[in-house]
Structures are given as C-alpha cells and as structure tokens.
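One-based numbering along the sequence shown.
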Amino acid sequence: MTTPAASEDPGNGHRGPGGGGGSGPGGGRGPDGHHDRARDPREEAAVPGDSGIGVVTTAVPARLDRLPWSRWHWMIVIGLGTVWILDGLEVTTVGNIASRLSEEGSGLAITSAQVTGIAAALYVAGACSGALFFGWLTDRFGRKKLFMVTLAVYLCATAMTGLSFSAWWFFLFRFLTGFGIGGEYAAINSAIDELIPSKYRGRVDLIINGSYWLGAVGGALLSIVMLNTDYFPKDLGWRLTFALGVVFGLVILLVRRHVPESPRWQFIHGHGEDADRLVGSVEREIEKEKNEKLPPPAGEITIHERKSIGFGLIAKTVFRSYPKRAVLGLSLFIGQAFLYNAITFGFGAILTTFFDVESGHTGYYFAVIAAGNFIGPLLLGKLFDTIGRRVMIAGTYILPGILLFITAWLFDRGSLTANTLTACWCVVLFFASAGASSAYLTVSEVFPMETRAMAIAFFYAIGTAVGGISGPLIFADLTESGVPGDTALAFCIGAGLMCAAGVVAAFLAVDAEQRSLEDIAEPLSQTEKSGGPSPAGGAPG
C-alpha cells in the first residue's frame with residue numbers, strides 16, 4: 001500500500017494500523033519528519049511471538065538491494081570479512097605447531113594427537129556452542145552488538161591459550177576460543193547478507209567466507225618463523241604466535257566499530273526510524289560518490305514489528321515450513337565440515353608422519369593449499385550469481401569429492417610425495433572451498449529474516465558437530481597409525497559425504513541468485529507486499 005508521498009520519497013516508510021499511510025490514526029508524519037508508530041492490539045495478538053510494538057510499511061529492503069557497489073560496501077566487507085582471516089590464522093597455526101608442542105622442551109606436556117584430536121574437537125565444540133548461544137542473542141539484540149562481543153571473547157581466550165602451562169588449560173581455552181569464533185559465524189553472515197545488494201550477495205558472501213584461507217596462508221608462513229629455533233626458543237615461539245593473533249584481532253575490533261547495524265533487523269525490531277536514517281545517509285553518500293541519482297526502489301513490505309521471536313517459532317518455521325531447505329542445509333554443512341576439519345587439523349601430521357617433513361617446514365606446504373582455497377571462491381564466486389546457485393553448489397561439492405577419491409587411491413598406492421599430495425589437495429580444495437562457503441550463503445538466505453542468525457547457528461552447529469568434531473578425532477587416530485590405508489579411508493569418508501551433499505543440492509538447492517532476501521523467504525512478520533514482484537520462492541518448501 002503506497003501513498004503518493006511515499007512513492008515520491010523512497011527514503012521513508014509509512015506507518016499505520018494496517019500498513020497504510022497518510023490519513024489513518026498514527027499513519028502520518030511526526031513533526032521531526034519521521035513516521036509515527038501505530039499500535040493495534042488485534043494485529044499484535046495475531047502474530048505468534050509479537051512483542052506488540054506496531055506495524056510498519058517500509059521500502060528499506062528494496063532500497064538496499066538497488067544500491068550500486070560503493071566505498072560503503074567495501075567498508076562492510078573489510079570490517080566484517082577480516083574475522084574469517086583471523087579464524088584461518090587460528091586453525092592453521094594450531095595445526096602447524098602440533099608437532100612442536102609435543103616435543104620435549106615446548107613448555108607444555110601434550111602429544112601431537114591431543115592437539116590435532118582432542119584440542120581440535122574442543123575448538124569445534126566451542127564453535128558449535130558459541131554459534132547457538134550468540135546466534136540467539138544476535139536475533140534478539142542485533143547484529144552489531146554481538147559481532148563486537150564475540151570478537152572480544154575470541155581475543156581474551158586466544159591470549160589465555162598463549163599462556164598455557166598444562167594440557168587442561170590449553171584444552172579449556174581452545175574451547176573458549178572456538179566459542180567466540182562460532183558466535184562470529186551467526187552475527188557476521190547475517191549482517192553480510194542483509195547489507196549487501198542482491199546482485200552481488202552470492203560472490204561477496206563466498207569471497208568473504210573464503211578469506212579464511214588468507215588467514216591460513218598467514219598462519220602457515222607465520223608458523224615457519226615462530227617454530228624456527230634460531231629465532232625463538234621452543235617454549236616461546238608458539239606462545240608469541242597466539243599473541244600476534246590477539247594483536248591482529250584488536251586491529252579488526254577498531255575497524256569494526258564503523259560497521260552499522262543491519263537496517264533489516266532494525267525495522268523488524270521497532271527501530272524503523274533508525275533504519276530510514278541509516279539507509280538515507282548511505283543513499284546520499286553513494287549518490288555523491290557516483291554523481292548520479294539512484295533509481296526508485298522496487299517496492300515495499302508491511303510487517304509487524306517485534307522485539308524478539310521465540311525459539312519454538314524459529315524451529316517450527318525452519319523444519320515445518322521449509323523441510324527441504326533444512327535437509328539441504330544439513331547436508332551441505334556435514335559434508336564440508338568433515339572434509340575441512342579433518343584435513344585442516346591433520347595436514348601437518350600427515351606430512352611429518354608419512355613424508356618425514358620437518359615440523360618447521362609444514363607451513364610451506366600448507367600455504368600452497370591455502371592459497372588455492374582462497375583463489376577458488378575468488379574466481380568462482382561470480383558464477384554463483386550468474387550461472388546460478390543450484391548448478392554451482394552441486395558442482396563444487398561433487399567434483400572435489402570425486403577428485404578426493406582419486407587422491408585417496410593414489411595415496412594408498414604410495415604414488416604420492418609431499419609435493420604431489422599438496423598439489424592434489426590444492427586442486428580438490430580449489431573447488432571445495434567455494435562449495436564450503438556456499439553452505440553459509442545458503443542457510444543465511446533461504447530462511448525468513450527473523451530466523452536468519454539462529455538458522456545459521458543451528459546448521460553450523462549440527463553440521464559441524466557431526467563432521468567437525470568426529471572428523472578431527474577419527475582423522476587423528478587414523479593418521480597416528482602410520483598406515484597409508486587408514487588415512488586414505490578418512491579421505492574417502494570426506495569425499496563420500498561431499499558427493500552426497502552435492503547430489504542433495506542438485507535436487508533441493510534454491511534458485512536464489514540476484515533475488516531479494518524477502519522474495520526468497522517471506523519474513524514471518526510480513527502482512528502484505530506492495531509495489532514489487534510477487535515473492536516467488538517465498539513459499540514453504
């Protein structure tokens with residue numbers, strides 16, 4: 001329902017008991033130029049979980065989606081995406097220092113298998129727990145508050161890890177480090193998808209998630225220096241590595257202060273005026289940068305504002321209204337979690353166990369496959385927005401699965417060296433990295449906005465708990481045996497799960513490319529839509 005005034009002024013929504021504007025009670029503008037909030041007890045009672053704030057008609061989603069790429073979007077990418085670099089730095093560093101920590105004189109009584117097995121599993125368990133806990137808080141209190149809090153948790157836990165004096169202390173703070181990182185996944189992916197225009201959402205999401213591997217390159221190269229006893233004693237180098245992670249995190253914290261709250265979250269949670277002001281300022285900034293007027297937004301939606309939504313309603317929405325999408329999300333996360341957590345945490349151990357690579361040199365090899373992992377989403381990301389989600393998601397799961405089966409066969413035959421194994425994995429993970437990133441993209445865009453952070457948290461937690469905790473534990477035992485066939489078996493399990501997830505995607509993936517989030521999955525709070533295309537794909541299923 002659009003009034004002439006609203007059509008002429010796309011920067012403002014209009015409010016009223018039924019979503020109309022202008023003349024109804026509470027439907028006009030206040031003296032400050034913003035629209036007044038309306039309350040209707042009958043409408044409030046009609047929506048499960050409604051906090052009774054009111055009803056708002058807004059063009060904010062359409063206004064955000066029609067924005068051209070700008071400096072403001074680069075600020076979002078840098079402010080939010082850099083944490084993935086931090087995560088990659090964390091995981092890779094620990095994987096590469098595992099053999100050093102187990103050596104006599106390291107200052108920590110722990111075995112390599114405990115680092116790549118128990119500690120890795122605890123890190124992932126912490127990430128799963130943090131995702132669920134902070135995901136719930138993110139949907140309730142906003143994206144910005146939580147992506148500041150979760151980074152602070154990470155920084156404190158990482159600093160304490162560097163001060164480890166016994167195995168139990170190391171295990172505890174690896175869990176808490178993961179707890180902070182897990183919370184980042186829900187808060188950051190929610191904010192990214194809600195701030196980036198639909199035209200660019202796929203490639204940006206993939207590249208940001210793929211930036212994890214830039215951190216992995218840094219972690220691999222950093223470990224080479226830190227593990228060199230010519231520079232640092234055995235009991236000091238690995239501690240300084242964690243300290244550098246803290247310094248990098250503090251820099252990210254400073255940059256992130258300038259990233260705004262999601263306007264989509266604001267207008268649903270009773271902060272419509274704040275959303276209008278934020279989007280209006282961004283529009284003016286971009287018009288000045290591009291030196292041209294923006295086109296009018298495609299349409300408006302009318303929603304019931306609310307402060308929070310119960311977990312029961314979220315679960316009901318995800319599993320009853322969108323069962324096929326739930327199966328898709330679980331399949332993608334389980335497949336990529338097992339493959340990546342197994343390989344990432346165990347790569348250094350494989351090189352030292354089977355190819356006699358010195359512990360201080362494993363970083364060179366890992367830097368190579370990490371670079372391949374980043375290049376994959378960088379080069380393939382655009383295709384997810386052009387060729388489409390279904391073809392690209394299925395392809396980037398099935399193809400690397402087949403290539404990993406071949407790698408496992410060659411490894412079992414003894415046909416590979418440290419260099420050729422690294423080359424094989426580099427090719428496998430070039431494709432698998434784009435597939436893994438698409439798992440986060442998928443669950444963050446195919447469910448209603450009110451459930452987004454919790455949906456990301458849930459699928460990440462369940463998929464990672466199945467693949468990410470069992471993967472390192474199984475992989476550590478199979479690698480420690482020193483039998484090539486055992487390690488090849490772990491490769492085959494990961495490959496099989498990747499292929500299975502790819503088949504599921506071929507049938508169930510949602511054609512979400514270049515579509516508004518509100519068209520892909522209609523908000524639970526939405527009462528009507530006006531002035532825009534019908535929400536194809538918004539139907540349950």
Side-chain angles (χ1 to χ4, degrees), residues 69 73-74 77-78 80-93 95-96 188-189 192 196 200-224 332 335-337 339-345 347-348 351 362-389 391-404 406-407 416 418-442 491 494-495 498 502 513:
W69 192 260
H73 294 105
W74 278 117
V77 169
I78 294 170
L80 299 182
T82 42
V83 75
W84 267 225
I85 299 176
L86 200 61
D87 189 16
L89 185 73
E90 262 290 322
V91 174
T92 308
T93 297
N96 282 306
I188 302 304
N189 275 297
I192 290 170
I196 299 299
Y200 307 101
R201 188 175 63 241
R203 72 196 76 175
V204 171
D205 199 297
L206 258 69
I207 292 171
I208 286 179
N209 279 283
S211 67
Y212 168 100
W213 293 101
L214 285 178
V217 173
L221 297 177
L222 183 63
S223 68
I224 295 171
L332 297 181
Q336 66 87 24
L339 176 73
Y340 268 95
N341 284 287
I343 289 179
T344 300
F345 285 115
F347 183 64
L351 293 176
T362 58
Y364 291 113
Y365 296 90
F366 203 96
V368 173
I369 67 167
N373 270 278
F374 176 67
I375 293 172
L378 186 64
L379 297 182
L380 300 177
K382 184 177 181 179
L383 301 180
F384 284 77
D385 284 327
T386 53
I387 293 178
R389 305 286 201 262
V391 172
M392 291 305 300
I393 294 173
T396 52
Y397 270 79
I398 294 173
L399 180 57
I402 293 172
L403 293 174
L404 187 56
I406 297 172
T407 301
L416 299 176
N419 290 335
T420 53
L421 175 64
T422 301
C424 287
W425 271 357
C426 196
V427 175
V428 168
L429 298 178
F430 171 87
F431 297 102
S433 179
S437 295
S438 72
Y440 295 93
L441 169 65
T442 297
F491 291 173
M498 285 291 284
E513 55 273 7

- Item | Distance-minimising heavy-atom pair for Cys424 and Leu416 | SG-CD2, 4.1 Å
- Query: With Ala371, which residues qualify under side-chain contact (heavy atoms from CB on, under 4.5 Å), at least two apart?
  - Reply: Val217
- Item | CD1 on Ile208 to CD1 on Ile85, rounded to 0.5 Å | 10.0 Å
- Looking at residues at least two apart in the chain, or sitting in another chain, which of them share a ring-ring contact (aromatic ring centres under 6.0 Å, His included) with Phe430? none
- Query: Which atoms form the tightest heavy-atom contact between Met498 and Ala432, and what is the distance?
  - Reply: CE-CB, 3.9 Å
- Which residues satisfy the salt bridge (Lys or Arg N to Asp or Glu O under 4.0 Å) test with Arg201, sequence neighbours excluded? Glu445
- Atom pair CD1 (Ile196) and CZ (Arg203), whose distance is rounded to the nearest 0.5 Å: 11.0 Å
- Query: Is the closest side-chain heavy-atom distance between Leu441 and Leu206 below 4.5 Å?
  - Reply: yes
- Query: Tyr365 and Trp425: ring-ring contact (aromatic ring centres under 6.0 Å, His included), yes or no, with the steps?
  - Reply: CA-CA 10 Å; Tyr365 296 90; Trp425 271 357; over 10 Å; no
- Note on the structure: Heavy-atom nearest pair, Leu404 first then Gly494, reads CD2-C, 4.4 Å
- Item | Atom pair CG (Leu383) and CD (Glu513), whose distance is rounded to the nearest 0.5 Å | 11.5 Å
- Only counting residues at least two apart or in another chain, list the ones meeting side-chain contact (heavy atoms from CB on, under 4.5 Å) with Ile393. Leu332, Phe384, Arg389, Tyr397, Ser438, Thr442, Ala505
- For Thr420, side-chain hydrogen bond (donor to acceptor under 3.5 Å, both in side chains) partners two or more places apart: Thr417
- Non-neighbouring partners of Leu378 that pass side-chain contact (heavy atoms from CB on, under 4.5 Å), sequence neighbours left out: Ile207, Phe374
- Query: Which heavy-atom pair separates Leu351 from Ala418 by the least distance, and what is that distance?
  - Reply: CD2-CB, 4.1 Å
- Contacts of Ser433 that satisfy side-chain contact (heavy atoms from CB on, under 4.5 Å) - sequence neighbours left out: Trp213, Tyr340, Asn373, Pro377
- Task: Taking side-chain hydrogen bond (donor to acceptor under 3.5 Å, both in side chains) as the test, write out the residues that go with Asn209, two or more places apart.
- Result: Trp84, Asn189, Asp205
- Message: Using 0.5 Å steps for rounding, measure from the OG1 atom of Thr407 to the CD1 atom of Ile402.
- Response: 12.0 Å
- Task: Could you grab the distance from atom OG1 of Thr396 to atom CD of Gln336, nearest 0.5 Å is fine?
- Result: 11.0 Å
- Closest approach of Pro400 to Gly395 (non-hydrogen atoms, all atoms of both residues): CD-O, 3.7 Å
